[in-house]
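To start, the structure under review is shown below, and the notes come after it.
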Amino acid sequence: MKEITLRVPDQKFDMFMEFIQELGLEVAPDMREIPEEHQKIVLERLKTLKEEDVISWESARSSFRFKEG
């Protein structure tokens with residue numbers, strides 16, 4: 001099965017979703033929405049963050065081991 005990500009202008013979203021429903025296509029939940037509870041946890045952690053505990057993405061990524069595929 002193929003997966004497609006589309007960007008739809010706000011003013012055309014309702015019309016687009018009606019079209020998708022008419023076609024009987026599956027719509028995945030919007031994964032960009034972060035639950036409010038999770039947002040609060042992250043904001044609380046940011047308040048207690050120490051600069052010496054922060055590393056760059058490049059440093060973190062270099063410590064990962066990726067599977068050959």
Side-chain angles (χ1 to χ4, degrees):
M1 179 177 289
K2 305 284 185 205
E3 184 174 316
I4 298 173
T5 301
L6 299 170
R7 295 183 189 272
V8 180
D10 290 338
Q11 65 272 20
K12 296 185 179 180
F13 182 76
D14 291 335
M15 178 189 68
F16 178 76
M17 291 308 294
E18 287 178 31
F19 177 67
I20 293 298
Q21 289 173 347
E22 286 292 320
L23 293 175
L25 298 175
E26 178 183 342
V27 178
D30 188 355
M31 300 306 291
R32 293 176 294 165
E33 291 184 25
I34 301 171
E36 190 173 330
E37 181 180 337
H38 293 185
Q39 292 179 29
K40 288 179 182 177
I41 292 169
V42 171
L43 291 173
E44 210 41 56
R45 289 180 182 175
L46 287 173
K47 288 179 186 175
T48 62
L49 181 68
K50 297 177 188 165
E51 190 66 34
E52 61 268 15
D53 294 335
V54 178
I55 62 172
S56 69
W57 167 241
E58 290 78 19
S59 296
R61 190 175 196 286
S62 68
S63 67
F64 295 146
R65 290 188 221 149
F66 296 96
K67 292 182 180 180
E68 297 291 324

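Quick caveat, the model's predicted, so the values are computed rather than measured.
In this structure Ser56 satisfies the side chain to side chain donor-acceptor pair (under 3.5 Å) test together with Ser59, sequence neighbours excluded. For Phe19, the side chain to side chain contact (heavy atoms under 4.5 Å, CB included) test picks out Leu23, with sequence neighbours left out.
Here the straight-line distance linking atom CD of Glu22 with atom CE of Met17 works out to 12.0 Å at 0.5 Å rounding. A distance of 13.5 Å separates CZ of Phe13 from CZ of Arg7, quoted to the nearest 0.5 Å.
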Side-chain donor-acceptor pairs of residues 34-53 under 3.5 Å, sequence neighbours excluded:
unit_1	atom_1	unit_2	atom_2	d
Gln39	NE2	Ile34	O	2.7
Thr48	OG1	Arg45	O	3.2

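Phe16 and Leu6 make their closest contact through CZ-CD1, 3.3 Å (heavy atoms, listed as atom of the first residue, atom of the second, distance). Taking all atoms of both residues into account, the shortest heavy-atom contact from Ser63 to Ala60 is OG-O, 2.6 Å.
Leu25 and Val8 fall within a single hydrophobic cluster, where Ile, Leu, Val, Met, Phe, Trp and Tyr are joined by side-chain heavy atoms under 4.5 Å apart, directly or via other members.
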